[in-house]
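The structure under discussion appears below in the form of structure tokens.
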Amino acid sequence: MKRGFYTIMSAQFFSSLADNALFVVAVDLLINAGAAEWQRAALVPMFALFYVILAPFVGAFADAYPKGQVMFISNAIKVVGCLLMLFGHHPLLAYAVVGLGAAAYSPAKYGILTELLPASQLVRANGWIEGLTITSIILGVLLGGQLVGPQVSGWLLSFDLPLIDTPIDTPSEAAICVIGLLYAGAAWFNTRIPRTNTQLVPLRQDMSRSMFSNVMDLLPDFWRCNSRLWRDKLGQISLSTTTLFWGVSGNLRYIVLAWSAVALGYSTTKASALVGVVAIGTAVGAILASMRMKLDGATRVIPLGIAMGLLVVCMNFIHSIWLAVPFLVVLGGLGGFLVVPMNALLQHRGHNLMGSGRSIAVQNFNEQACILGLGVVYSMFTRFGMSAYGAITCFGLLVAGIMWCILLWHRHNCKQHPQEVQRLLDIARHDHHH
């Protein structure tokens, strides 16, 4: 791997670490404020909101400027969201602003991989990025849980700066200050990301028209890119798989918190550790996939998605921590082994069809729209009294059923369009260029 790849990994680690720690702090803030459970569940779709709204624009933005600069600006937006939460604004609003920064961050983060590395290294690079991202989820959720816990928060609140009277009086406020330092660390690494030789694609500007009209011109381009990826015989399979995976896993982060409270009687601090357990398994699966899988063999992992969906349903029968931990590790491992090669294949097809930034924006739009849709459905179910057990059953059956349909879709493509599928696989097998 090139040296700049490790700088990208470091920036991603600290930014994701802060995002996930802030999620737990936001949940704790809502609990302490006596907010209804549907508001806590709504944190997930609120984070995804701007991914969907801004998808037509952030990809073009990422392709128009050096990606390190885009990541720095996006990280600054996350800091604004963090400060909004610190100064008493509603956690749903503040976390939506953090999601705005994440929406702009993602096309640059993944897009630079296709600019920096050849296609032959994309699966390996995605394995390391996803493994590190999931490690940051583990540590971020654990960190957030500990920061609002009595021991760490007590120590933080007892710390005073000489001659300065700070308005930090609660565990959540102290936790947010620590998280702000993590975002600062990510920003420092953003400034060290190398500039690649890939030609920038400037945003089209017609000085005779308003800024709003120029921005709206990006919409037809985005929908053309979206259509091209869905028509591609490999792009459609990888896009549908990753869309479903992230749609479910994004909401599963909160569902595990709710399930552990009901099934095991855990507090936010203890429940956050179980989210970390799932992420440990996902990290292991991601690393194994990066070592064992090749780009042209990515579609062979689709059956793992069916197995993962059925395992989610089995969570309803677990009421012991000794069973829960290995079970959640296996569940996460299947997900990690599934998503890494499919994500790499999707990036490869997108880069060949339309450019890295735009393809990642299309990917984010579909994946985050799935997170948003499923999150809204889950929030509404809890609003009308559905239990965590019922939500887990629905999510698990949904995953298994749709992954079965995707498997049949791919088999249909191989049968009806064998030459086209083989041509695309040959490109993936022999493409060693950036």
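All values below were derived from every heavy atom in this structure, side-chain atoms included, with hydrogens, water molecules and symmetry-related copies excluded. Residue indices begin at 1 and follow the sequence shown.
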- Check L17, L143, L22 against I179 for a side chain to side chain contact (heavy atoms under 4.5 Å, CB included) and give me the one that passes.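 Checked L17, L143, L22 against I179; only one passes side chain to side chain contact (heavy atoms under 4.5 Å, CB included): L22.
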Check whether any side-chain heavy atom of [X] lies under 4.5 Å from a side-chain heavy atom of [Y], and answer yes or no.
| X | Y | value |
| --- | --- | --- |
| M46 | L43 | no |
| T393 | M315 | no |
| V399 | V312 | no |
| T299 | L345 | yes |
| L407 | R411 | yes |

Any side-chain to backbone donor/acceptor pair from [X] onto [Y]? Under 3.5 Å, distance only.
| X | Y | answer |
| --- | --- | --- |
| N343 | V339 | no |
| D232 | R228 | no |
| S16 | Q12 | no |
| T242 | L239 | yes |

Considering non-hydrogen atoms only, spot the tightest contact between [X] and [Y] and give its length.
| X | Y | value |
| --- | --- | --- |
| A26 | M85 | CB-CE, 4.0 Å |
| F327 | I318 | CG-CD1, 3.3 Å |
| A400 | L310 | CB-CD2, 3.9 Å |
| G235 | L346 | O-CD1, 4.0 Å |
| I302 | L338 | CA-CD1, 4.2 Å |
| A94 | G81 | CB-O, 3.5 Å |

What is the distance from atom [atom1] of [X] to atom [atom2] of [Y], rounded to the nearest 0.5 Å?
| X | Y | atom1 | atom2 | value |
| --- | --- | --- | --- | --- |
| N20 | L182 | CG | CG | 11.0 Å |
| Q363 | C225 | CD | SG | 13.5 Å |
| K78 | D19 | NZ | CG | 3.5 Å |
| C370 | I402 | SG | CD1 | 7.0 Å |
| N226 | R231 | CG | CZ | 9.5 Å |
| I406 | Q236 | CD1 | CD | 10.5 Å |

- Task: Kindly say whether the aromatic ring centers of F365 and W223 come within a distance under 6.0 Å.
- Result: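 Centroid separation for F365 and W223: below 6.0 Å.
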- Message: One pair to check against side-chain contact (heavy atoms from CB on, under 4.5 Å): L30 and H90. What are the steps and the verdict?
- Response: CA-CA 9 Å; L30 290 172; H90 198 288; 3.8 Å; yes
- Message: Q69 vs F72, test: side-chain contact (heavy atoms from CB on, under 4.5 Å). Steps then yes/no.
- Response: CA-CA 5 Å; Q69 180 180 339; F72 180 84; 5.7 Å; no
- In sequence, state the C-alpha distance, the side-chain angles, and the governing distance for F14 and Y183, and then conclude on ring pair (Phe, Tyr, Trp, His ring centres under 6.0 Å). CA-CA 7 Å; F14 282 102; Y183 281 126; over 10 Å; no
- Looking just at side-chain N and O atoms, do W246 and N366 make a donor-acceptor pair shorter than 3.5 Å? no
- How are the rings of F23 and Y95 set to each other: parallel, tilted or perpendicular (split at 30° and 60°)?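 F23 and Y95: tilted rings.
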- Task: Please work out whether the ring planes of H319 and Y389 are parallel, tilted or perpendicular, with thresholds of 30° and 60°.
- Result: perpendicular
- Item | Verdict with supporting geometry, N190 and I193, side-chain contact (heavy atoms from CB on, under 4.5 Å) | CA-CA 6 Å; N190 291 152; I193 293 175; 4.0 Å; yes
- Message: Run the side-chain contact (heavy atoms from CB on, under 4.5 Å) test on Y105 and I73 for me, step by step, so that the C-alpha distance in whole Å, both residues' side-chain angles and the decisive distance to 0.1 Å come before the verdict.
- Response: CA-CA 8 Å; Y105 193 95; I73 295 171; over 6 Å; no
- Exceeds 12 heavy-atom contacts within 6.0 angstrom, atom CZ of F245: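 Result for CZ/F245: enclosed.
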